[in-house]
Amino acid sequence: MSIDYSERIPNNVDLASDRRLQRALESWQPAFLNWWGEMGPVLPNRDVYLRTAVAVGREGWAHFGRVVVPDYRWGIFLAERNPDRRIAFGQHQGEPAWQQVPGEHRASLQRLIVVQGDTEPASVEQQRRLGLTAPSLYDLRNLFQVNVEEGRHLWAMVYLLHAYFGRTGRDEAEALLLRNSGSADSPRILGAFNEETPDWLSFFMFTYFTDRDGKYQLGTLKESAFDPLSRTCEFMLKEEAHHMFVGTTGVDRVVERTAALMAEHDTDEVAPLGAIPLAVIQKYLNFHYSVSLDLFGGETSSNVANYFTNGLKGRWQEERRADDHVLASQVTAVEQVADGRIVAVERPALTALNHDLREQYIADCRTGITRWNRILASHGVTDQQLALPHVGFNRQVGMFAGHHVTPGGQLVDAATWAREQPGWLPTPADKAHVQSLMRPVYEPGKIAAWLAPPRSGINGQPLDYEYVRF
Ligand code: BYC
């Protein structure tokens, strides 16, 4: 069904036919707008060149135009329903997908939806001040695009809570607006979403590494037997691709600028030249990658085994896996710290599914490293490269929590960690330098000097297009 924009809440779920649900969501809407006003982007502006979803099909799903941001049409969009869809894994494999929530899985499904929903407004809160220091109108527009779509992803989860989880769902929907990123009293649920995103290098790393966790988690929820969740996540993934594009090309452009200056001046010391030293880029990368690895939960988890067996959460590209999709007897190798060494041990594949997903994610992250090293090489910088740190580096969740692992994968004691850590994670001085470069550039076509210009504009518009008007 097409998206109905004549409604107060644009949707393709025939909201008008369910007055109760419509009223409940319309009463949540002012709370959302209030939250957006208080916790959303702080930079005042007249309008922004944004894309808005107008359909959910393969072709031409988005419309680009100037939007006064608080009037953005946040709506509820699910991918088309496949009436023949069947469950691809677990004990219900082969049965028709569920259109309602089975009573016995209510609590677990609600928990998964709440955790997913909690991350969306959290990221908007983390990024709320970035507009004040945008390196160009192009980047500023991308920030707003990411923000409004994370807001829409919140709507996506709130719709499910309201439509399928009754009173407790409505309470959880309300609570999603009450927790806040970094709050001492009521923080966001997952660690990475309570960290700060105080500068644009952090933003690009966040959209590369943390949004990519989103891609993989949404990919597993897209496999869910609960069809409305599956269809919701399928459409969210479409929007998510742009967020990762912002991260990938953002880091590209920072590396490009740094590499160009290193080559031109034959030095690693590009800070006095107004750029970000490669060593600092590596430290930011180490930080964002390691906190994003924490988002996969423990390497072995009975939660994930139950989610899988019960059909709530599948694997990345479940249907392409050449196995029985039940995993009752398979084992897999998982890293573990034993007797002061990191060793691989065999664990039941079913309980190691967070590890499985993390492996897919890590392989994807490596593609970024390859492309950034290619950029370095294209400027003749071949003696230094960027690298992903070891999976055990700087971890707070899972097997490596409580251990000290170097980026190279060596276990060290607390004293060595404390001594060496300034070489591995951003120091106050590194952060201060990056912060010192964060000066807003709001003139059309102009770009801050610490990163290269983008290769092309948005939706065929020129680079000097006025992407944001004040
Ligand atoms: N911080 O059994 P365990 C995105 C909790 S990002 C704090 O090892 P499980 C986005 C865990 O909740 C994607 N707590 O792990 C990106 C559990 O607590 P309970 C977000 C953590 O349950 C950018 C306990 O520790 N979506 O979309 O198998 C911008 C034991 O956990 C953390 C999802 O995550 C942590 N890092 O897996 C915008 C999908 N890790 O329940 C958006 C939904 C674990 O015992 N969530 N804990 O009280 C899930 O699938 C799972 O809950 C997790 C954890 C993967 C998060």
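In this text, all values refer to a predicted model and were calculated from it rather than measured experimentally. In this chain, residues are counted from 1 in sequence order. Remember, it's 1-based here, ligands and their atoms both numbered in the order they're listed. Values reported hereafter were calculated over all heavy atoms of this structure, with side chains retained and with hydrogens, waters and symmetry mates removed.
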Kindly say whether the aromatic ring centers of Y164 and F226 come within a distance under 6.0 Å. yes
Partner of F393 under ring-ring contact (aromatic ring centres under 6.0 Å, His included), chosen from W417, F287, Y289, F400: W417
Checking R212 against Y208: charged group under 6.0 Å from the ring centre and within 45 degrees of the axis? yes
Look at the rings of F32 and W35 and say which category their plane angle falls in: under 30° parallel, 30 to 60° tilted, over 60° perpendicular. tilted
Can you pull the residues with any heavy atom under 4.0 Å from ligand 1? R111, L112, V115, Q116, T119, E120, S123, E150, I189, L190, G191, F193, F206, T210, D211, D213, G214, Q217, D294, L295, G297, G298, S301, N303, V304, K313, N354, V397
Out of E318, E319, Q93, which residue meets the side-chain hydrogen bond (donor to acceptor under 3.5 Å, both in side chains) rule with H325? E318
Could you please spell out the steps behind the side chain to side chain contact (heavy atoms under 4.5 Å, CB included) verdict for E196 and R129? CA-CA 10 Å; E196 289 187 334; R129 302 185 64 79; over 6 Å; no
